[in-house]
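Following: one structure in structure tokens, then a few remarks.
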Number of protein chains: 2
Amino acid sequence: MESVSEDVAALRSFNRYFTRRIGALDERYLGQDRPLGEARLLFEIAGSRSGVPLRDLRTRLGLDAGYLSRMVKALEAQGMVRLGTHPDDSRMRTVEVTDAGRAEVAEQNRRADALVSGLLRGLAPDQRRSLSDAVATARRLLRLAALTVVPVDARTPDARACLDAYAADLDARFPEGFDPADLVGPEEVSGDAGVFLVAYEEGRPVGCGALRRTEPGVGEVKHVWVHADARRLGLARRLLAALEAEAVDRGLTVVRLDTHPALTEARAMYERAGYTEIPAYSDHVYAGHWFEKRLPRG
Amino acid sequence: MESVSEDVAALRSFNRYFTRRIGALDERYLGQDRPLGEARLLFEIAGSRSGVPLRDLRTRLGLDAGYLSRMVKALEAQGMVRLGTHPDDSRMRTVEVTDAGRAEVAEQNRRADALVSGLLRGLAPDQRRSLSDAVATARRLLRLAALTVVPVDARTPDARACLDAYAADLDARFPEGFDPADLVGPEEVSGDAGVFLVAYEEGRPVGCGALRRTEPGVGEVKHVWVHADARRLGLARRLLAALEAEAVDRGLTVVRLDTHPALTEARAMYERAGYTEIPAYSDHVYAGHWFEKRLPRG
DNA sequence: GAGTTTCTTTGACCCAAGTCAAGCAATAAC
DNA sequence: GTTATTGCTTGACTTGGGTCAAAGAAACTC
């Protein structure tokens, strides 16, 4: 476990360096024309679809209602945003950026770009490339680390949202389409029968996976899905590992799964995760390949 | 130049993600028991040698004198630090952390470690390793990018400090020692005769290099040195490139240099930078290898 | 030894950032 | 139709983080 504390030290030391040297840049350029809070708010409004309810901004930025109200009013007075009333619920107010506001955001972005590109000028092209790669890797792994995978009831809205998106994805990818009736029922993946896992990123569901018991000692992995925004992080691998851990907890010794011939990356992923292809164990309509993995005893 | 703007975007997007998700952690744990400014100051004091002059803290943290004075007094009242008078100059006050202060800093560090290690628990060991490597690379390149290399007069304190450290390093590495009388005189590296470059990191001189004209069209690179804290960043390569650019500006077509047999890494660096070994062009007492590089015309 | 500079302290301010509670209007629940 | 509840606004207030200028004491310069 020595290595963990080394990794912790590496990340903390990077954090100190980065926030002090680079992160500070942001505050400097953002804060020059208006209060930082106001600038951040303007960015958030400009980055949202037009007509965001104040309520959404409040939860997203974690602001006090009174504080937000005042800041929005200040931005309105400066001509940066326009306020309106929500069409469905006239208690709610909506806000959208004006052209002037958009111009200011663009200007700030230009300044930030200039600052960063000034920094990068000190590097040779190959070094710039390495830096980009390194930060991309760091970001990918930090995102993956910050994801949480938790069991939820398959009837909850988050679970339904994942399954719907999963079904839509498959429908687009399978030449023959996909019938949502093929999805497992909530009762098959709850209690003793199985489990349904949802992966969350900053509160948003971005992936799922199900495990259901098929016969004594044998489980089946179903519906491993990852949102397009969260792909290439290694989330599928993590969901799979979490499902296997659940299987071990339930005393299962084997997990199986099937997959459609169109999903070649999925097949490669299962093989990397220790699954071996086996003969058909079912006549599942969308299956073209069947896999199995023996689990260690819990 | 398309790639530069891609790199800018990559770094900015990383910055946004990192400061929001990870950097925010810091403020949360640091700011819980005392004002953030005070916490930062306490950390800075605890991290310095005991008896730091307030003056040093002021420049290091960029604080107003009055503001600092008050914060230090508050920390003293809480028993976190002890104030004293500077032994050599009784205008200056010094400050050192008490046991209670040290304990608080240790506790905060424990919390931060726990936070980060909780984050890393979501990653497999090989992924943790990759993350550490990626942040180490990113940090190295960001440091390099943030360095500035500027011509300074060789008589200035910064230049003298570099040359003294250079001489001390060589004295330790050469079996026969090193005589500081061998250093170039300030007049040899100023004006038309040559140039003296100093590399700064956050205002601190951390490297140097000199160029002097030896015969028409020919320059000699001397005293390329990098502070121990700034090694392995690629600074020597950058200093060399800057000296070559100066040589080109002066219309020189060839630069030469000699190096001591003990400095094997330096030799490898010169070769990577495009220098080829040539027969002795001088009878310089510390020289064992001679190199030359032809320059493009300015 | 006088005048200047350096370092710190102190008092007086300022603004950003945020909290809290009262109140109003619209909607939802019963 | 009454009674919550929700969403927003407003006023009053607090704290943090800082700036500025005056002034005292010590040290340096001439």
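Note that the structure is predicted; figures quoted are calculated from it, not measured. Values below: every heavy atom of this structure, side chains too, minus hydrogens, waters and symmetry copies.
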ask   = Roughly how many Å is it from CG in A:L42 to C1' in C:dA16, rounded to a whole number?
value =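 So the two atoms are 17 Å apart, to the nearest Å.
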
key: Pair B:D99 + B:R102, salt bridge at N-O below 4.0 Å   =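 Yes.
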
task = Determine the interplanar angle of the A:Y166 and A:H223 rings, folded into 0 to 90°, and report it as parallel if under 30°, tilted if 30 to 60°, perpendicular if over 60°.
result =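 Rings of A:Y166 and A:H223: tilted, 30 to 60°.
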
query = Where does the angle between the aromatic ring planes of A:F18 and B:F14 fall among parallel (under 30°), tilted (30 to 60°) and perpendicular (over 60°)?
reply = perpendicular

message = Less than 4.0 angstrom between a side-chain N/O of B:S90 and OP1 or OP2 of D:dA25, yes or no?
response = no

inquiry  = Using a 4.0 Å heavy-atom cut-off to protein, can you give one letter per nucleotide of nucleotides 6-18 of chain D, 5' to 3': B if the base is in contact, S if only the sugar-phosphate is, - if neither?
reply    = BSSBBBB---SSB

message = Going by salt bridge (charged side-chain N to carboxylate O under 4.0 Å, His left out), name the pairs with one or both residues in residues 51-72 of chain A, residues two or more places apart or in two chains.
response =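 For residues 51-72 of chain A, and leaving out neighbouring residues, the salt bridge (charged side-chain N to carboxylate O under 4.0 Å, His left out) pairs sorted by first residue read A:E44-A:R60.
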
In residues 115-122 of chain B, what donor-acceptor pairs under 3.5 Å come from side-chain atoms, sequence neighbours left out?
none

